[in-house]
2 protein chains.
Amino acid sequence: MPYTKYMKTLKDKKMKITQQRLEILRYLDENRTHPTLEQLYEFIRTKFPAISKMTVYNVISSLIDNGIISSMRFVNSTELRVDYDKSSHFHFLCGKCGKIYDIESGFDLLDHVKRNGHKFDEYTVNIYGTCKNCLKNK
Amino acid sequence: MPYTKYMKTLKDKKMKITQQRLEILRYLDENRTHPTLEQLYEFIRTKFPAISKMTVYNVISSLIDNGIISSMRFVNSTELRVDYDKSSHFHFLCGKCGKIYDIESGFDLLDHVKRNGHKFDEYTVNIYGTCKNCLKNK
DNA sequence: CTTATTAATTATAACATTTACAATTTAATA
DNA sequence: TATTAAATTGTAAATGTTATAATTAATAAG
């Protein structure tokens, strides 16, 4: 039963269990590539041809609102990228090949900044540079 | 001479000195509000009515390419935001009022992550939560 | 100081991502 | 099974960005 895990995830948040949500959750869980919604849509369509792009937007929006997945944007593009992995880690975008790498943080950044009375909930760290592979093939 | 400083900045990078660039640099220097290009355009237009929005895009793009200013995007919006301050600091976006606060980092994040053979050039840290003021008025 | 060269600015249009809306369909509940 | 509330769908509109080509302006050379 590959979907029971995701059914529980949705149920725990009192969200309705729909085929579209299950399929998208499964894809994100099994493909940790930080896809854009367009990429997500293109893939999901191969398994679920009738899905609407709007559904992808709606599903992702509700998953984010319920704290099930996280999201980020890089400076080089307006597109939202999503990530099934909510654990504390950074993202490294290679400016040459465009690949995104997960970078282990090893510490909680919020432990190192003064709050000044503000309430901090979450954070994203985006690192820009050139990846190992692109350095080699230069 | 309020513009000599910016003339030097451009000259050092071998960039042509234009009225549009000087006006935008001055605005960014004197207004550390991390404006969007739209906000920048609206203001600059009051002082320089003939300026084109494309010029704002072009000027910002060249200032970024030459390492004079930095930029970031938050997850709640597709818009690029720009920052005259290139020193190491984080950005905190209040989800209630939308205000952006500079947060002192006190340490260089890149000293704390394993490079794994990658070359890291820059990074942005975006923190999300609720600001002091909005907590108070709730 | 004038001219030539090169780059920047401008205006228009095209493109891409996201949001708004209303109608239809589906999931959960009684 | 019927009801209700929510999710999905399709269309269109809004927003932010990029592409292109013509005009204008800044720099360098004569």
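Lettering of chains follows the sequences in order, A, B, ..., and the numbering in each one begins at 1. Quantities reported herein were computed from a predicted structural model and do not represent experimental measurements.
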Salt bridge (charged side-chain N to carboxylate O under 4.0 Å, His left out) partners for Lys119(B), two or more places apart: Asp121(B)
Touch class at under 4.0 angstrom, heavy-atom based, for Thr78(A) against every strand present: sugar-phosphate
Integer-rounded Å distance: [N] [atom2] and [X] [atom1]:
| X | N | atom1 | atom2 | result |
| --- | --- | --- | --- | --- |
| Glu23(B) | dT10(C) | CD | P | 12 Å |
| Ile44(B) | dT10(C) | CD1 | P | 11 Å |
| Leu80(B) | dT15(D) | CG | P | 18 Å |
| Lys14(B) | dA8(C) | NZ | C1' | 19 Å |
| Glu38(A) | dC15(C) | CD | P | 15 Å |
| Lys53(B) | dA19(D) | NZ | P | 17 Å |
| Ile51(A) | dG10(D) | CD1 | C1' | 14 Å |
| Asn66(B) | dA8(C) | CG | C1' | 13 Å |

Scan nucleotides 24-30 of chain D against the protein and return all N/O pairs shorter than 3.5 Å with their distances rounded to 0.1 Å.
unit_1	atom_1	unit_2	atom_2	d
dT27(D)	OP1	Ile17(B)	N	2.9

Donor-acceptor pairs are to be reported for all side-chain atoms of residues 97-105 of chain B against protein atoms at under 3.5 Å, with residues two or more places apart or in another chain.
unit_1	atom_1	unit_2	atom_2	d
Asp102(B)	OD1	His34(B)	NE2	2.9
Asp102(B)	OD1	His89(B)	NE2	3.2
Asp102(B)	OD1	His91(B)	NE2	3.3
Ser105(B)	OG	Ser88(B)	O	3.1
Ser105(B)	OG	Ser88(B)	OG	3.0
Ser105(B)	OG	Phe107(B)	O	3.3

Listing time: all N or O pairs from protein to nucleotides 19-25 of chain C that are below 3.5 Å?
none

Result block: side-chain N/O donor-acceptor pairs under 3.5 angstrom for residues 108-116 of chain A, not counting sequence neighbours:
unit_1	atom_1	unit_2	atom_2	d
Asp108(A)	OD1	Leu110(A)	N	3.1
Asp108(A)	OD1	Tyr123(A)	OH	3.2
Arg115(A)	NH2	Leu110(A)	O	2.7

Hydrophobic cluster membership, Met54(A) vs Leu80(A), 4.5 Å side-chain cutoff: yes
Contacts of type side chain to side chain donor-acceptor pair (under 3.5 Å), residue Arg81(A), not counting sequence neighbours: none
Worked check of side-chain contact (heavy atoms from CB on, under 4.5 Å) between Gln20(B) and Asn58(B): CA-CA 10 Å; Gln20(B) 292 88 337; Asn58(B) 292 335; over 6 Å; no
Side chains of Asn126(B) and Leu93(B) in contact at under 4.5 Å (non-hydrogen atoms): no
Exercise: do Glu23(B) and Tyr3(B) side chains pair donor with acceptor under 3.5 Å: yes
Carboxylate-amine/guanidinium contact Lys86(B) Asp83(B), below 4.0 Å: no
